[in-house]
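Heavy-atom basis, side chains included; hydrogens, waters and symmetry copies ignored. Nothing fancy with the numbering, it's 1 onward along the sequence.
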Amino acid sequence: MAARIQARAYVFQDMPPPASGVPLPTTEERERIARWAREGAPLCADAGGI
């Protein structure tokens with residue numbers, strides 16, 4: 001799941017969907033998501049799975 005979160009939020013930048021009404025993450029927040037995934041996604045039970 002962590003790899004999918006990283007791909008959608010950081011690589012493709014299509015999450016959250018623009019029409020959802022949820023504010024898009026800042027560049028700094030996207031970097032934090034990517035770092036979290038690269039460092040083994042602490043607190044994510046299925047880290048690395050897609």
Side-chain angles (χ1 to χ4, degrees):
M1 184 58 85
R4 185 167 178 82
I5 293 169
Q6 180 185 21
R8 299 292 305 276
Y10 180 73
V11 177
F12 300 114
Q13 297 187 10
D14 61 355
M15 286 304 283
S20 70
V22 176
L24 295 174
T26 64
T27 300
E28 182 179 285
E29 290 168 331
R30 290 183 193 280
E31 288 291 333
R32 191 176 309 143
I33 290 168
R35 188 174 56 246
W36 167 79
R38 284 192 304 265
E39 292 175 357
L43 305 178
C44 185
D46 60 351
I50 295 180

Decide yes or no for [X] and [Y]: does some side-chain heavy atom of the first lie under 4.5 Å from some side-chain heavy atom of the second?
X	Y	value
R30	L24	yes
R8	Q13	no
P23	P16	no
Y10	I5	no

Would E31 and R35 pass as an ion pair if we require N to O under 4.0 Å?
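No, this pair does not count.
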
Nearest heavy-atom pair of M15 and P25: which atoms, and what distance?
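Closest approach of M15 to P25: O-CD, 4.1 Å.
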
About how many Å separate CH2 of W36 and CD of E29, when rounded to the nearest 0.5 Å?
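Reported to 0.5 Å precision, the distance equals 14.5 Å.
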
How many angstroms lie between atom CZ of R38 and atom CD1 of I33, to the nearest 0.5 angstrom?
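One gets 11.5 Å once the value is rounded to the nearest 0.5 Å.
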
